[in-house]
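Sequence lines set the chain letters: A, B, ... in the order given, protein chains first and strands last, and positions in each chain run from 1.
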Protein chains: 2
Amino acid sequence: MTTRTGDGTGAFIGAIADAGERVTLPRRAVARMVAAHDGHFTAAQLMDDAAAAGEPIGRATIFRALDLFTSLGLVERVDLPDGNHAFVACEAVHHHHAICTSCGRSTDIDDGALGEALAALGRQAGFRVMAHRLEVFGLCADCGASKS
Amino acid sequence: MTTRTGDGTGAFIGAIADAGERVTLPRRAVARMVAAHDGHFTAAQLMDDAAAAGEPIGRATIFRALDLFTSLGLVERVDLPDGNHAFVACEAVHHHHAICTSCGRSTDIDDGALGEALAALGRQAGFRVMAHRLEVFGLCADCGASKS
DNA sequence: GTAGATGCAAAACCTTTGCATTTTG
DNA sequence: CAAAATGCAAAGGTTTTGCATCTAC
């Protein structure tokens, strides 16, 4: 890892460089926009953001950058309740997302008891768990409070 | 973990009727095909199945039936690791799926310790959990055994 | 008999790909 | 300077929609 500035963007740039990938202008822009979102976002949304920021980026580039970030573990793909695809920024360590259905912000939650539950599954069913994904939907503290 | 062999079709038909929806021939066919799968399946797959069974069903009908089944809680949409959409048949009771990446079969797993973990999240972060989805990927007992 | 479902085909969508041009290291 | 990334636009695949016809109740 290299630089790690406060806005989270630095971590992205550092990770890209560390992976031996080129740190290009579009990738910096995408990293900045991803870091700016504190909730989930779609590829289309990022394109709009870029355009709005006066720095339009091609669809292909957005998707390629997102692919790169995903392979580096910087973002993760999630499937919203409505069936749409979206992405969320995430830390390298394993965790899950609690997504607010009202404001769209996501909170990271750690494995907690889940790890044990999965281990139990392995023992009971002979299932060898290779990966798992947990998505939690609901109202965050703010939205829950304002909506009674 | 539940067994889904034989004709879970009856349950589908019953649920459709109970919901006041019409029990049509295409819906019966889709229900039968869904029940026949013990793993996840895609909309396209069902169309192929129908065609292969000598009872072709239009794409639109497949999707509409799948929508209906989803709203009735008979099937659930899942997002595979490769980003594709698929569906899995499910019991009305809450549970999750352990999907084998080798043979594609899915095993139902119950909440287990997960419920408590989520309750803890609610207490700690003030997050009001409305829904959650857990997808586990790995090798089932059979595939795990045959692959070392 | 009537509301609702079906099927077809076209439209909408989202994501990926090819290739010439530009940028990075 | 060479290798890799970008952008455009077109291709590819999937899901949705409109409308006439047919079916379940």
**Student:** For C/dT6, take OP1 and OP2 only and decide whether either is under 4.0 Å from a side-chain N or O of B/Thr24.
**Tutor:** yes
**Student:** Working to the nearest 0.5 angstrom, can you tell me the gap between A/Asp18 CG and A/Leu72 CG?
**Tutor:** 9.5 Å
**Student:** What's the CG-P distance between B/Leu25 and C/dT6, to the nearest Å?
**Tutor:** 10 Å
**Student:** Would you give the length of the straight line joining atom CZ of A/Phe87 to atom CD of A/Glu76, rounded to the nearest 0.5 angstrom?
**Tutor:** 10.5 Å
**Student:** OG1/B/Thr9 to CZ/B/Arg32 distance, rounded to the nearest 0.5 angstrom?
**Tutor:** 7.0 Å
**Student:** Please evaluate the base of D/dA3 for a donor-acceptor partner in the side chain of A/Arg22 within a cut-off of under 3.5 Å?
**Tutor:** yes
**Student:** Flag the pair A/Val34 / A/Phe41 as yes when at least one side-chain heavy-atom distance between them is below 4.5 Å, and no otherwise.
**Tutor:** yes
**Student:** Determine all donor-acceptor pairs shorter than 3.5 Å in which one atom belongs to a side chain in residues 45-70 of chain B; sequence neighbours excluded.
**Tutor:**
residue: B/Gln45; atom: OE1; partner: B/Thr42; partner atom: N; Å: 2.9
residue: B/Asp49; atom: OD2; partner: B/His37; partner atom: NE2; Å: 2.7
residue: B/Thr70; atom: OG1; partner: B/Leu66; partner atom: O; Å: 2.7

**Student:** Ignoring the backbone of A/Thr61, work out which of D/dG7, D/dA5, C/dA5 is nearest its side chain.
**Tutor:** D/dG7
**Student:** Using whole Å, report how far CE of B/Met47 lies from P of D/dT16.
**Tutor:** 12 Å
**Student:** Expressed in angstrom and rounded to an integer, what is the separation of B/Leu68 atom CG from C/dG4 atom C1'?
**Tutor:** 12 Å
**Student:** In whole angstrom, what separates A/Ile57's CD1 from C/dT22's C1'?
**Tutor:** 15 Å
**Student:** To the nearest 0.5 Å, how far apart are CZ in B/Arg22 and CZ in B/Arg27?
**Tutor:** 9.0 Å
**Student:** Whole angstrom is fine here: how far is it from CG in B/Asp18 over to P in D/dC25?
**Tutor:** 13 Å
**Student:** Using a 4.0 Å heavy-atom cut-off to protein, can you give one letter per nucleotide of nucleotides 11-18 of chain C, 5' to 3': B if the base is in contact, S if only the sugar-phosphate is, - if neither?
**Tutor:** ----SBBB
**Student:** Could you tell me how far apart B/Glu55 (CD) and C/dG7 (C1') are, to the nearest whole angstrom?
**Tutor:** 14 Å
**Student:** In whole Å, I'd like the distance from the CD atom of B/Glu21 to the C1' atom of C/dT6.
**Tutor:** 14 Å
**Student:** Do B/Val23 and B/Phe12 belong together in a cluster built from hydrophobic side chains that touch within less than 4.5 Å?
**Tutor:** yes
**Student:** Over how many whole Å does the gap from B/Arg27 atom CZ to D/dC22 atom P extend?
**Tutor:** 19 Å
